[in-house]
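Written out below as structure tokens is the structure these notes cover.
FYI, the numbering just counts along the sequence from 1.
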Amino acid sequence: MTNFDFQKWNKILGWFVFIVALITYMLTVEPTASFWDAGEYISTSAKLQVGPPPGAPLFQMMGAFFSTFASDADQIALMVNLVSGFSSAFTILFMFWSITILVRKIAGHEETLTTGSKIAVLGSGLVGSLAFAFTDSFWFSAVEAEVYSISTFFTSIVVWLILKWSTNSGHPGNVRYILIIAYMLGLAIGIHLLNLLALPFIALIVYFNKYEFKISTFIATVGITLLTFMIIYLGIIKGIPNLANSYGLNYPIFLVLAIFAATAYAVWKKHNQLSTILTCLVLILIGFSTYTTIFIRATQHPNINENNPDTIKGALAYMNRDQYGDWEILDPAFTLARAECSYSNRWTENKSNPSGSEELNFLWNYQIKEMYLRYFAWQFVGKEDHDNPNWELVTLKGDLIKKLRGINWSRYGLPFPLLFGVIGMIFHFSRDWKRALAVLSLFLATGIMIILYLNQYDPQPRERDYSYVGSFFTFSIWIGMGVAAFQEKIKDWLEGVEIAGFVSIGLTGIIFAVMPFTILATDFKEHNRNGNYVAWDYAYNMLNSCEPNGIIFTNGDNDTFPLWYIQEVEGVRTDVRVVNLSL
């Protein structure tokens, strides 16, 4: 083992975790449309129709491509579901490589590492990435047509790209990683805006790579990050439609052409920094251009044409999500007063004028504890079984409303993923606080910050755990760090022992058995959707309960989207008109 080639095995094991994840998702993938949004996304992907605002045009384009591999109409849903499966497997690949980069930063330069240390680095990536691959929420999204798995893929690839940039700092052509990141951010807009939350992580990696920590430069970095976010979100995503609505389509076209011209001029004059910034802006605009498919298709009036954004004004309302109404951030009183907050009696007796303590209680015990920490525990501690929910919803008077699925602390034996993650976070901060702070920024931005921004009312129509997969992804990086910490401690005990490399392999195998493999074995049955046709059967029965050329009124996602799917994709009972009263 003296000639152990780390780079070779880093690539091999990266693709190994990809294959393991992909096989798992292909074995458990939903064969047809499921409830909630999947039927809607499959239908709009198969025929490139107009989906829900603010749209996911890149997902629909990918779904349309995958659907061409279907041998028959009833195979289209499976193909579109596999978009999520492949995206999720690639997420695990890039996560593995990200963990090994971060752990290697702590372990030292590759040339100075012993064989045992190299194996420990690889073992950290193996355990951390596969532990995340089998987490409850990520696995759930990986086997159905939804945007969250692809959104997490984009997060994983920009994390890996900026770490690669950091590793290759000073090498010629290294700027290409920054340019690819910009393009990925632009493309990700056509999936979901969650990817923009990776900006603080990117900024901190760049900052600590270039500068020593000072309050002034750190504050400047925060300001530049906020400015970048506003340019993308307010200037491009919101600004271009607003400009077109206010002054006509010619103005945004002229602005985009001017940016392209300025970029060409900066490159010609060899203004390196300016050309890099402008090229990044151009690449974001190119990625964002996937949205043109939405508005082109809207003018052709397909069967599914949600919000009908075939005018500039309609396109603006579509991009701004006007259908969903407004909400206030950081204002629990506003949310408690909403009509949708029908469980306000859990938190206050006067929903129109709650006290300050009641607002804080609502924020902590509902929005943070119930709607985030409970989901966090599902991933790394264990989720309560369907038949034994233990999370009670109780009014202030003590009346039981209902029970939700809570936390099962013994589901995986001991909660090793949580323990290793916490150890890994402490270890990371103690050995490399700069990159640990960058990881923490990603963890908070994709978790608690989303909670504060959404300001959710009680109750929600469904469990919202899928929204926070980015934070679960980030915590799993620290699981890999925890494995590295454990391996390092063992290495210290065995200092000078010749078989240290074999001990590292053995330890990795043991940790793998008590963590990723245990989660996989325990949760496989629950996540296995092979042969699940419940949503399809429901839709088929609903449509066939109607007389020829009948009208069926629906009210909500689960009433409607499976029906859309079997009509639009499989051609079942297309004579029946589906009228959704809630859209």
Side-chain angles (χ1 to χ4, degrees), residues 17-46 48 51-52 55-70 75-95 129-130 132-157 184 187-188 190-195 290 379 446 462-470 472-473 476 520 523-524 526-533 535-536 557 561-562 565 569:
V17 298
F18 169 83
I19 292 170
V20 170
L22 182 61
I23 290 174
T24 302
Y25 303 144
M26 292 183 73
L27 288 174
T28 57
V29 68
E30 184 104 29
T32 184
S34 55
F35 284 116
W36 296 106
D37 298 339
E40 182 182 33
Y41 280 122
I42 295 167
S43 304
T44 55
S45 295
L48 281 181
L58 182 60
F59 178 92
Q60 291 169 221
M61 294 165 69
M62 294 173 66
F65 172 75
F66 269 69
S67 67
T68 61
F69 295 98
Q75 293 293 307
I76 289 177
L78 174 62
M79 292 297 107
V80 180
N81 288 339
L82 285 176
V83 173
S84 293
F86 274 89
S87 301
S88 299
F90 274 110
T91 299
I92 303 307
L93 169 70
F94 289 115
M95 183 180 189
S129 60
L130 286 180
F132 177 67
F134 308 135
T135 52
D136 184 79
S137 300
F138 184 70
W139 193 349
F140 186 91
S141 294
V143 293
E144 67 174 13
E146 252 291 8
V147 296
Y148 296 100
S149 56
I150 310 180
S151 176
T152 311
F153 159 73
F154 276 105
T155 299
S156 72
I157 194 170
M184 292 297 106
L187 285 175
I191 298 292
H192 201 285
L193 298 182
L194 285 173
N195 194 240
T290 58
Q379 323 305 316
T446 53
R462 61 185 290 198
E463 300 284 17
R464 300 297 193 185
D465 52 298
Y466 52 84
S467 299
Y468 315 110
V469 169
F472 309 150
F473 164 89
S476 297
L520 171 65
D523 291 348
F524 187 89
E526 175 161 332
H527 285 284
N528 184 12
R529 303 198 201 180
N530 186 22
N532 186 342
Y533 289 88
W536 192 98
D557 298 1
F561 299 152
Y565 162 72
V569 178

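- Residues Leu27 and Asn530 form no side-chain contact, since every pair of their non-hydrogen atoms from C-beta on lies 4.5 Å or further apart.
- Of all heavy-atom pairs spanning Leu93 and Val17, the tightest one is CA-CG2, 4.3 Å.
- Between Asp465 and Ser137 the shortest heavy-atom distance is OD2-OG, 2.5 Å.
- Contact annotation: the side chain of Tyr466 never approaches that of Glu146 to less than 4.5 Å [non-hydrogen atoms, C-beta and beyond].
- Contact record, Gly55 with Pro57: C-CD, 3.5 Å, taken as the closest heavy-atom pair.
- For the atom pair OG1 (Thr155) and CD1 (Ile191), the distance works out to 11.5 Å, reported to the nearest 0.5 Å.
- Note on residues 30-39: pairs passing salt bridge (charged side-chain N to carboxylate O under 4.0 Å, His left out), not counting sequence neighbours, are Glu30-Arg529.
- With contacts defined as side-chain heavy-atom distances shorter than 4.5 Å, the pair Val147/Tyr41 qualifies.
- In this structure, CZ in Phe59 is found 5.0 Å from CD1 in Ile150, a value given to the nearest 0.5 Å.
- Rounding to the nearest 0.5 angstrom, the gap separating the OG1 atom in Thr28 from the NE2 atom in His527 is 8.5 Å.
- Using a 4.5 Å heavy-atom cutoff, the side chains of Phe134 and Val20 are in contact.
- Formation of a donor-acceptor pair under 3.5 Å by the Ser84 side chain with backbone atoms of Glu144 is found in this model.
- Classification of the Phe153-Phe90 ring pair by plane angle, with boundaries at 30° and 60°, yields perpendicular.
- Here the straight-line distance linking atom OG of Ser43 with atom CD of Gln60 works out to 10.5 Å at 0.5 Å rounding.
- Taken from CD in Glu40 to OG in Ser45, the straight-line distance is 10.0 Å, to the nearest 0.5 Å.
- Proximity of Phe94 to Phe154: side-chain heavy atoms (C-beta onward) are nowhere separated by under 4.5 Å.
- Using cut-offs of 30° and 60° on the angle between ring planes, the pair Phe86 and Phe18 is tilted.
- Side-chain atoms of Trp536 and Tyr565, non-hydrogen and from C-beta on, do get closer than 4.5 Å to each other.
- Across every non-hydrogen atom of Ser467 and Leu194, the tightest pair is O-CD1, 4.0 Å.
- The ring of Phe132 has its center closer than 6.0 angstrom to the ring center of Phe138.
- Contact check for Phe472 versus Asp136: no side-chain heavy atoms found under the 4.5 Å cut-off.
- Here the closest heavy-atom approach between residue Ala77 and residue Pro31 is recorded as CB-O, 4.2 Å.
- Contact between Met95 and Phe473 at its shortest, heavy atoms only, is CE-O, 3.2 Å.
- When side chains are defined from C-beta on, Phe66 counts as touching Val83, because their heavy atoms get closer than 4.5 Å.
- Atoms CG and CD, from Asn81 and Gln75 in turn, are 11.0 Å apart once rounded to the nearest 0.5 Å.
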